[in-house]
Structures are given as C-alpha cells and as structure tokens.
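One structure is given below, encoded as structure tokens.
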Number of protein chains: 2
Amino acid sequence: MLQEQTDLGPGKLLPPGYLQDQLVARGVRLTRQRRVILRVIEDARRHLDAATILRFAQKEDETIDRVTVYRTLNLLKRHGLIDELDLLHLSGGSHYYEQRPPRQHMHLACLRCGQVEEFASPLFDKIKGQIQRERGFRVAFARVEIGGYCQKCAGNQA
Amino acid sequence: MLQEQTDLGPGKLLPPGYLQDQLVARGVRLTRQRRVILRVIEDARRHLDAATILRFAQKEDETIDRVTVYRTLNLLKRHGLIDELDLLHLSGGSHYYEQRPPRQHMHLACLRCGQVEEFASPLFDKIKGQIQRERGFRVAFARVEIGGYCQKCAGNQA
DNA sequence: TTAAGTGCAAATATTTTGCTGTCAC
DNA sequence: GTGACAGCAAAATATTTGCACTTAA
C-alpha cells in the first residue's frame, strides 16, 4: 500500500465544502453519511481507494457501510465531481478517487517507491485541440497515468 | 479467425510472432497453451479483456484454463510486452490488454458508443521531455485514456 | 531429468444489487 | 408525507493461490 502520508496530495485548489455545495446545487439529498464521505475525499492528502475512504469515514461514524461508500462514489462520478483512477495498479486492483481538479493534470507514479506526483502542461491542451480537429472527437475528460522513476529513486539506482 | 468485428484494432506495427520471439529470447518456456494465448493477443483487432482472450483461446484448445490466461498475462506484463488498460470501464470492471506498441499512443473512448480509437502525437513526446527535465522523473511508459464523443456520436446529438 | 507450467478447486478482492426500514426535505 | 437513501445480506465479477500432475527444454 502507498504510505498513509505522502508529501504531495491531490492538488487542493477548490474551496472547502465544494463537493457538498455542488450536490446541493444539483438538488441531491445530503445525508449524514454523505457529508462524512465527502469530507474524507476533500481532506484527502493523497489518492484514496474505496476501502480507505470507508476506513476514514468509519473513524467518524462507525455505522457507515461499505456499500454507501460505493454508492456515493458512483453518485459523484455520475455528476462528474470526482475522477476514478487506476494509478497503474501499483498497489492492488482497486481504483483511486480524486476530486475533479479545475485543471487536468497527469499522474506520475513511481514504479519503485509507489509515490504519485501530479503534473500539468499546457501542451496537453494542445493535444486535446489536435484530437478535436483531426478526429472530430469531442474530448470530455482525460486520464493520464505515467509510470517511471521519481527523482529520488532514479538517482538511487540508475 | 478473430472476427468480432470492430473498427480500428490496436495498431499492428510489430512482426507476427514477436511476443513468442521475445519470450524465447528471454529464456521463458513456451508451452502449447502460451503459444495459443500469444497468438490471440497478437491477432486481436481490438483490445481484449482476460475473459475474451480465454474465449478465443478455447476455440483453439478447449482445455485451456482461465488461470493460465491470467498467469500468461502477468508474465507478459512483468516482461513489459503488453500494457494493461482500463478503457475507462465503459464496459465493465475488467482490464484490457494490448501488445506494447513501439510508439506510445492514446486511447479515445467514446462515452456513447463505447468505441475506442487510438491517437498518437509528437507533442506527447515533448511532454515526456518536460516531465523529465522539470521533475527529474524518468518516464518508463504512459497510459492515456480520454473520454468524450466520437465524430459520429458527437454529430448525432449536438 | 527436473524446474517450470498446467488445471482444478478454492480463496480473495472488489463492486453491485435486492430488499426493508429510515430519514432529509 | 414521501421518495430518495442507508444498512444488511447476498450476488456478481475479477483475479490470485495452493497443490498434485504434466511437460518443455
């Protein structure tokens, strides 16, 4: 498993309570359980999988069920408020979730230490334009997962 | 023989028998079952998941087991000869596999019809250079999955 | 010959669904 | 009050592991 505390977490560029506010604005009912789960996702300092979200949520409310976590994640996905990632399955078969960021970024996953950094580049927007023009494909969202060796690990071995 | 007709399949830019040759070159034992599975992957005209690979393989040899497919896929992954993809889970929770292409490309998955196209851009190599320079992150491979609407579907609903 | 691979059964892991009672609005 | 939601149990789906037999090199 990835370390519990990593340095870089998913970028925190959105106001606190954003997920709640968005759901309310869309007329979705806010339950006690959802509030807790949303808070866990917003406060995350790294990408969490469903099982970890459950664990954190249960610290605050023991009765929250695994199923409720999955249903809430699906709800957020349907509303386009979070993104589902694989992070290259560096630590098992489950998915990871992050609040959809205002600006698309890429994930750099270190094959050695498992740390995940984020990276954004204006060139990627150019690529999207290219796709649109050359293929007539209307891009809704993008997921970029890059495997390799982080500065520290690359230095230590190669 | 692999006629489950789709549009674009994974690009066929590698010589036939490439996977076999690579495994032999690496001193891996070639069994009857592995030969069949490798052939299925090489002949694929689209991205296949484990269950589909099994189905095709069993057409040729009924006795091949699901487990052998998974073990062979893991073998190929370990040797970096195939890539594992999600294709955004447009059609279930399983993974899809493609022979690792000589040139990285992106996957464009249509959220409406589920069709998957491939797209390559020299700009993406520039981004990799950027990552290397700005972060000291040594890129080994990349996976890009883009969701949106293909030309046909975008036209039909816009 | 013999280490590696296979099939089978079973375990594990992850996510979804059906149902009934409960709660947010 | 009522329709959406939660919890529980169970199913569905996806993948891995243990073990005894088989086979490629």
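Fair warning: this is a prediction, and the values are worked out from it, not measured in the lab. Naming: A, B, ... by sequence-line order, numbering from 1 per chain.
- Panel note: side chain A/Gln104, backbone A/Ala120; no donor-acceptor pair is recorded below 3.5 Å.
- For A/Gln33 and D/dG7, the shortest distance from a side-chain N or O to OP1 or OP2 is below 4.0 Å.
- With hydrogens and angles ignored, a donor-acceptor pair closer than 3.5 Å exists between the side chain of B/Arg71 and the base of C/dG7.
- Distance check: B/Arg100 CZ to B/His79 NE2 gives 12.5 Å after rounding to the nearest 0.5 Å.
- Between the P atom of C/dT15 and the CG atom of A/Leu75 lies a distance of 17 Å, rounded to the nearest Å.
- Rounded to a whole Å, the CZ atom of B/Arg32 is 7 Å from the P atom of D/dT23.
- Remark: P of D/dA14 and NZ of B/Lys77 are 15 Å apart, rounded to the nearest angstrom.
- A/Arg35 places its CZ atom 18 Å from the P atom of D/dA4, with the value rounded to the nearest Å.
- When the nearest nucleotides of DNA chain C are assigned to B/Val67 and A/Ala51 by heavy-atom distance, the more 5′-ward of the two goes with B/Val67.
- At distances below 3.5 Å, at least one donor-acceptor pair connects side-chain atoms of B/Glu42 with backbone N or O atoms of B/Gly17.
- Each end of the helix from C/dT1-D/dA25 to C/dC25-D/dG1 gets its own axis, taken as the rotation carrying the C1' atoms of four end pairs onto the next four within a five-pair window, and the two axes meet at 50° to the nearest 10 degrees.
- For C/dG5, the OP1/OP2 oxygens have no side-chain nitrogen or oxygen of B/Thr68 closer than 4.0 Å.
- The side chain of A/Thr63 lies closest to D/dG7 when the candidates are C/dT15, D/dG7, C/dA24.
- Whole-Å rounding puts the A/Arg29 CZ to D/dT2 P distance at 13 Å.
- Positionally, the nearest nucleotide of DNA chain D for B/Arg66 lies more toward the 5' end than for the other of B/Arg66 and B/Val28.
- Summarising the geometry, the separation between CZ on B/Arg26 and P on D/dA25 is reported as 17 Å, rounded to the nearest angstrom.
- A/Glu134 CD: more than 12 foreign heavy atoms inside a 6.0 Å radius.
- Remark: B/Thr31 is not in phosphate contact with D/dT23, judged by side-chain N or O atoms under 4.0 Å from OP1 or OP2.
- Between the side chains of A/Glu98 and A/His47, at least one donor N or O lies within less than 3.5 Å of an accepting N or O.
- In terms of phosphate contacts, A/Asn74 brings no side-chain nitrogen or oxygen within less than 4.0 Å of OP1 or OP2 of C/dT15.
- Spacing between atom CD of A/Glu84 and atom C1' of C/dT16 amounts to 13 Å, rounded to whole angstrom units.
- Using a 4.0 Å cut-off between charged side-chain N and carboxylate O, A/Arg32 and A/Asp61 make a salt bridge.
- For A/His95, a side-chain nitrogen or oxygen approaches OP1 or OP2 of C/dT15 to under 4.0 Å.
- Side chain to side chain, B/Thr68 and B/Gln33 fail the donor-acceptor criterion of an N or O pair below 3.5 Å.
- Regarding B/Asp65, its CG atom lies at a distance of 5 Å from the C1' atom of C/dG7, rounded to whole Å.
- Applying the 4.0 Å criterion to OP1 and OP2 of C/dT15, one finds that A/Tyr70 has a side-chain N or O inside that range.
- By the 6.0 Å and 45° rule, B/Arg135 does not stack over the aromatic ring of A/Phe119.
- Distances shown here put a side-chain N or O of B/Arg34 below 4.0 Å from the OP1 or OP2 atom of C/dG5.
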